[in-house]
Amino acid sequence: MKKLTGIPASPGIAIGRVYLYSHDTPAVPRYAVTAEALDAEIERFRSAVGAAEIELSGLLTRPGDDLDEPHRAIIDAHIMMVNDPEFHEQVEHGLRESHVNVEWVLYQNVQRLLERLNTATDASLRERSSDLSDVAGRVLSNLLNWKRRSLAELDHEVILVAHDLLPSDTVSMNKRMVRGIAMDSGGRTSHTAIVARSFEIPSVLGLSSVSRYAEPDETIIVDGSHGIAILDPDEQTLDHYRRAAREFEQHAVSLMKLHDLPAETKDGKLIQLKANIEVPEEVEAVLAHGADGVGLYRSEFLFMASNVHPDEERQYNAYRSVLEALPDKPVTIRTLDLGGDKMAPQVPDLGESNPILGWRAIRYCLSNRDVFRTQLRALLRSSVHGRLRIMFPMISGLEELVAALEFVEEVAAELRSEGIAIAPDIPIGIMIEVPSAAMVSDILARRSHFFSVGTNDLIQYTIAVDRGNERIAYLYQPFHPGVLRLLKIVVDNAHAHGIPAAMCGEMAADPLATVLLIGLGFDELSMSSAGIPEVKRIVRSVSVREAEQIVGEAMELRSFKDVEKYLVHVMGERFGVTDT
Ligand code: PEP
Ligand code: MG
């Protein structure tokens with residue numbers, strides 16, 4: 001038995017057999033090519049590229065496979081990469097210079113590029129390396145007549161164990177057969193984690209060496225709630241996890257009974273429980289968990305999956321598909337939040353010394369009006385297909401908000417002059433995730449239809465603690481009295497100006513925080529769909545009065561440790577919240 005600890009990326013427990021997957025390419029031969037044979041070698045390269053393009057296009061049109069926009073964008077980007085004239089030129093030039101076989105020239109070229117990409121300081125460039133390996137592996141396999149294993153062909157249930165999964169692996173894998181994922185690399189925001197959460201596949205990532213220790217077909221336990229993977233477990237451990245898996249299932253099933261009931265406190269306040277989504281494909285899970293709508297659609301995922309900014313049509317189709325799938329429910333789409341920790345190939349690496357405090361989100365959009373215009377046109381056009389709400393990220397003060405609102409007006413006028421219909425009265429709100437915005441929320445409330453607090457960033461900026469830095473993670477505390485005071489200011493200012501206060505940061509999904517947030521007065525909580533049922537259970541078992549009393553006590557406490565201790569006690573005793 002071997003127990004490994006990693007990052008809990010998608011909750012739940014899976015027990016099954018290891019399917020050890022690697023997308024490694026075959027050994028690459030090296031041999032000399034005569035001058036007369038060079039043209040034939042180039043021809044071989046071109047036909048391998050042509051075959052790769054046909055395979056990729058086939059993925060786009062595979063019958064019965066309804067690929068969503070980000071996944072289509074990945075495949076489109078790969079098609080662009082195989083057809084890139086510079087890539088062709090480099091290989092053909094290398095071939096004529098070196099007089100060795102084309103597989104070797106291609107392999108050497110790609111290795112050199114990968115080295116450069118893997119040591120880049122820019123995270124988006126590092127991420128591009130998996131796309132490059134993916135595309136190069138495809139062409140190499142064709143040159144060598146080597147058949148790549150495909151996760152699309154999985155025909156029995158497995159636990160997928162891998163060093164890494166390429167974007168094309170997650171796009172194409174048969175998700176019904178993958179019961180769990182254990183992977184050496186990856187973190188909570190990696191592509192694999194997002195796909196795993198949207199399909200509710202229990203997953204542990206960042207395990208460092210699970211793919212080295214795992215044997216094909218051996219038994220493995222994946223505990224995606226606690227970030228644990230156990231290889232070849234003994235009977236006692238198996239029993240323990242079988243019980244835990246049953247309890248997890250039973251709890252989920254019992255919570256599903258609340259599906260059609262409103263999230264209403266005992267004294268009748270309706271709390272809107274909405275879903276956060278990253279890709280349109282998640283809409284199914286939104287419906288399955290009884291969400292009251294989408295509280296945060298992170299539109300940047302559409303951009304991160306592609307080498308180029310998605311055009312108006314592509315964006316319009318993505319937004320429209322979500323709106324049409326949720327016809328009676330509000331869908332809040334956040335405008336582009338790129339930059340900082342969310343890099344995409346289209347955003348140049350400026351070598352900023354503080355990118356988290358740098359040229360990102362609304363700042364990026366306001367200085368790239370063409371990009372912003374394209375997104376706003378797509379959003380406004382999509383508004384006639386459902387109940388759209390638009391939200392700006394990272395607003396820090398009134399000037400930015402006014403500039404963004406004026407630009408929306410300008411784009412709307414442009415569309416009207418083209419005779420394109422737009423829904424009347426689209427609510428436009430802002431994320432409150434910068435402390436200055438919280439402090440001037442009374443001013444911002446006059447120009448916003450709603451607030452949504454992004455605690456992931458608000459905590460980071462308030463406590464001056466990088467949300468991605470493991471070394472100082474102990475300081476990242478949602479229950480810090482400084483954070484709680486800001487939350488109170490925001491909700492009070494929203495209500496004083498007659499607008500609703502929502503929260504869409506991770507804190508909204510924490511059952512330990514639910515009563516506190518109700519007591520502070522939040523009207524809406526938005527989270528990953530799977531978190532909704534447990535939060536609904538708590539909402540339905542408390543009254544606003546009781547929640548306000550609890551907030552009164554919590555606000556008197558002096559440190560995050562005291563607040564947390566108090567909440568663990570109250571939430572455990574009175575509301576049955578345990579560490580699941
Ligand atoms: C947040 O900051 O809390 C938030 C919801 O936005 P993101 O996590 O996408 O930065
Ligand atoms: Mg944020």
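Start at 1 and go down the list; that is how both ligands and their atoms are numbered.
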Number the atoms of ligand 1 from 1 as they appear, then name those within less than 4.0 Å of a heavy atom of [X], with their elements.
X      : value
Arg467 : 2 (O), 7 (P), 8 (O), 10 (O)
Gly454 : 1 (C), 2 (O), 3 (O)
Gly505 : 3 (O), 5 (C)

Exercise. Given Arg298, Glu506, Glu433, which one has a non-hydrogen atom that is nearest to atom 9 (O) of ligand 1?
Worked result: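 Looking at heavy atoms only, Arg298 sits closest to atom 9 (O) of ligand 1.
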Exercise. Short question: side chain of Arg389, backbone of Ile333 - any donor-acceptor pair under 3.5 Å?
Worked result: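 Side chain of Arg389 to backbone of Ile333, a donor-acceptor pair under 3.5 Å: no, none is there.
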Exercise. Within the distance-only criterion (no hydrogens, no angle test), does the side chain of Ser436 pair as donor or acceptor with the backbone N or O of Ser396 below 3.5 angstrom?
Worked result: yes
Problem set entry | Full working for ring pair (Phe, Tyr, Trp, His ring centres under 6.0 Å) between Tyr316 and His385 | CA-CA 10 Å; Tyr316 165 72; His385 300 291; 5.8 Å; yes
Exercise. By atom name, which N, O or S atom belonging to Asp457 lies closest to the Mg ion (ligand 2)?
Worked result: OD2
Exercise. Which of the N/O/S atoms in Glu433 sits closest to the Mg ion (ligand 2)?
Worked result: OE1
What do we get for [X] next to ligand 1 when only non-hydrogen atoms under 4.0 Å count, side chain, backbone, both or neither?
X      : result
Met394 : neither
Met431 : side chain
Arg334 : side chain
Leu296 : side chain

Problem set entry | Row check, Phe392 ring normal vs Arg334 NZ/CZ: under 6.0 Å, within 45° |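 Not satisfied by the 6.0 Å and 45° rule.
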Exercise. Once you round to the nearest 0.5 Å, how far does CD1 of Ile430 lie from CD1 of Ile432?
Worked result: 4.0 Å
Exercise. To the nearest 0.5 Å, what is the distance between SG (Cys365) and CE (Met394)?
Worked result: 11.5 Å
Problem set entry | Beyond-backbone contact of Ile428 with Met391, side-chain heavy atoms, under 4.5 angstrom | no
Exercise. Could an N or O of ligand 1 be found under 3.5 Å from any N or O of Glu300, whether backbone or side chain?
Worked result: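 No.
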For this session: Among Leu516, Leu525, Leu512, Asn456, find the one that has a side-chain contact (heavy atoms from CB on, under 4.5 Å) with Met507.
Result: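 Output: one option passes, namely Leu516.
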For this session: Run the contact test for Arg360 against ligand 1 with a 4.0 Å cut-off on heavy atoms, strictly below, and give the result.
Result: no
